[in-house]
Amino acid sequence: MAALDAADSASAQPPTFAVEAAGRLPDYDAVRRAAARLDGVAHRTPVLRSATADARSGVQFFFKCENLQRMGAFKFRGAYNAIAALDDAQRRNGVIAFSSGNHAQAIALAARLLGVSATIVMPSDAPAAKRAATAGYGGEIVEYDRFSEDREALTKRLARERGLTLIPPYDHPDVIAGQGTAALELFEEHGPLDALFVCLGGGGLLAGSVLAAEALAPGCAVYGVEPQAGNDGQQSLRAGRIVTIPVPKTLADGAMTTHLGELTFPIIRRHVRDIVTVSDEQLVDAMRFFAERMKLVVEPTGCLAAAAAFEAAAEWRGRRVGVLLSGGNVDLAAYARLIGGG
Ligand SMILES: *Cc1c(COP(=O)(O)O)cnc(C)c1O
């Protein structure tokens with residue numbers, strides 16, 4: 001399953017940092033427009049507190065629960081915003097995405113709500129539960145063989161032949177703006193927090209959060225959090241350019257990206273305080289904490305930000321710290337094994 005999801009964001013070609021990307025970078029106004037589009041459609045997810053977490057650490061934590069978002073992850077926000085922004089002709093023709101993870105379900109559901117047809121390119125050995133969820137939201141699944149077919153080439157050919165618009169999982173202005181509405185809601189409800197921890201795969205959620213923070217909480221220290229095994233974002237921030245790594249092995253299957261995006265990187269770079277990493281063991285500890293203390297199912301990737309925030313607690317004593325819980329879609333057998341194992 002992990003290997004399949006990794007393919008979501010890995011691309012065959014390392015990106016070249018394009019200067020013209022600057023002209024396409026979304027801004028805070030784009031986040032506001034996304035919030036207006038999502039109003040009454042996406043859940044305004046709750047921000048939960050934990051007396052236990054606060055007492056343990058001396059920090060005031062604010063957990064933004066995107067595991068309780070429609071289809072179980074923040075990805076619904078970006079997918080819906082991107083499809084809602086299409087013109088009439090594009091909507092009539094439909095959209096296409098390649099994914100076996102949360103982006104596929106987000107595109108399928110958002111497209112159905114907007115009356116647009118969605119084609120999802122998935123590996124033929126994708127987990128049955130994920131296929132069923134995507135098909136259940138009305139997505140038309142096109143299968144490919146991971147070992148012999150080039151997914152990007154297939155997707156591009158289908159897009160061309162059928163006149164479909166490709167919606168990528170993170171490197172798209174409307175996707176980034178949509179993802180930014182989660183942090184926007186958090187700041188609107190709880191003011192300019194002292195720090196905000198956000199998980200990092202391709203950087204759509206983190207870049208969107210930066211846009212919200214720059215406008216509403218310029219003094220808030222924003223941190224990106226990656227799995228230890230896949231710290232391409234941290235390396236990129238240090239190097240000042242997008243660094244590409246091999247597909248990492250980690251429980252955080254939503255963050256198995258090999259590189260940041262041409263649009264997400266410049267936004268992340270101009271504002272993020274740092275990018276930090278956590279181990280798979282820390283992810284499992286956080287999953288147990290959320291299950292036991294807060295009665296929340298959070299998937300491993302969804303625990304990245306929390307694990308880093310717990311680790312950094314000593315630095316933030318007496319302060320107000322936001323944590324984005326990005327999703328809750330996890331295979332139940334795997335979940336039981338992980339949280340039961342010790
Ligand atoms: C996609 C995803 C991420 C990573 O988001 P990016 O925008 O690619 O950085 C994190 N958590 C979950 C649950 C996801 O589905």
Side-chain angles (χ1 to χ4, degrees), residues 1-2 4-11 26 45 64-79 81-82 97-107 109 130 133-134 167-183 197-211 222-227 230-234 236-237 242 248 250-265 267-268 272 275 278 283 286-287 290 296-308 323-331 335:
M1 174 175 119
L4 297 178
D5 286 337
D8 279 2
S9 11
S11 93
T45 52
K64 177 68 171 167
C65 293
E66 287 298 299
N67 57 319
L68 303 178
Q69 185 52 264
R70 292 185 80 162
M71 56 61 58
F74 72 90
K75 288 233 172 46
F76 177 70
R77 296 174 182 268
N81 188 48
F98 50 82
S99 170
S100 52
N102 287 333
H103 182 60
Q105 293 172 55
I107 289 291
L109 174 59
K130 297 208 160 169
T134 303
I167 312 280
Y170 56 86
D171 214 22
H172 184 290
D174 296 319
V175 171
I176 295 169
Q179 318 304 32
T181 59
F197 288 80
V198 183
C199 58
L200 173 58
L205 185 62
L206 181 57
S209 301
V210 160
L211 298 177
V222 180
Y223 291 91
V225 186
E226 288 180 311
N231 71 335
D232 60 287
Q234 189 182 54
S236 301
L237 196 66
I242 299 170
T250 168
L251 279 179
D253 55 15
M256 295 176 78
T257 41
T258 59
H259 56 78
L260 298 179
E262 289 178 24
L263 301 181
T264 58
F265 179 60
I267 297 172
I268 289 168
V272 162
I275 294 174
V278 298
L283 294 180
M287 281 171 77
F290 289 117
L296 290 174
V297 175
V298 187
E299 64 183 275
T301 316
C303 288
L304 282 166
V323 176
L324 275 179
L325 304 183
S326 58
N329 292 331
V330 52
D331 175 72
Y335 183 73

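Fair warning: this is a prediction, and the values are worked out from it, not measured in the lab. Order of listing sets the numbers, starting from 1, for every ligand and every atom in it.
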Exercise for the section: Please report the C-alpha distance between Thr181 and Asn81 in whole Å, then the side-chain angles of each, then the deciding distance to 0.1 Å, and finally whether the side chain to side chain contact (heavy atoms under 4.5 Å, CB included) criterion is met. Expected result: CA-CA 10 Å; Thr181 59; Asn81 188 48; over 6 Å; no

Problem - Within the protein, residues bringing a heavy atom under 4.0 Å of ligand 1, chain by chain - result: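 Residue list for ligand 1: Phe74, Lys75, Asn102, Cys199, Leu200, Gly201, Gly202, Gly203, Gly204, Leu205, Gly254, Glu299, Thr301, Ser326, Gly327.
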
Practice task
Evaluate the side chain to side chain contact (heavy atoms under 4.5 Å, CB included) criterion for residues Cys65 and Leu296: first the C-alpha distance (whole Å), next the side-chain angles of each, then the deciding distance (0.1 Å), finally the verdict.
Solution key: CA-CA 9 Å; Cys65 293; Leu296 290 174; 4.0 Å; yes

Practice task
First locate atom OH of Tyr223, then atom CD1 of Ile275, and finally report the distance between them rounded to the nearest 0.5 Å.
Solution key: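 Spacing of OH (Tyr223) from CD1 (Ile275) equals 12.0 Å.
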
Practice task
Return yes if a side-chain donor-acceptor contact under 3.5 Å exists between Glu66 and Thr45, otherwise no.
Solution key: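 Short answer, yes.
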
If you look only at distance, which donor and acceptor atoms sit under 3.5 Å apart when one is on a side chain in residues 300-308 and the other is two or more places apart or in another chain?
unit_1, atom_1, unit_2, atom_2, d
Thr301, OG1, Asp253, N, 3.3
Thr301, OG1, Gly254, N, 2.9

Exercise for the section: Could you tell me whether the side chain of Leu206 reaches within less than 4.5 Å of the side chain of Thr264, counting heavy atoms only? Expected result: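 Thr264 vs Leu206: side chains apart.
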
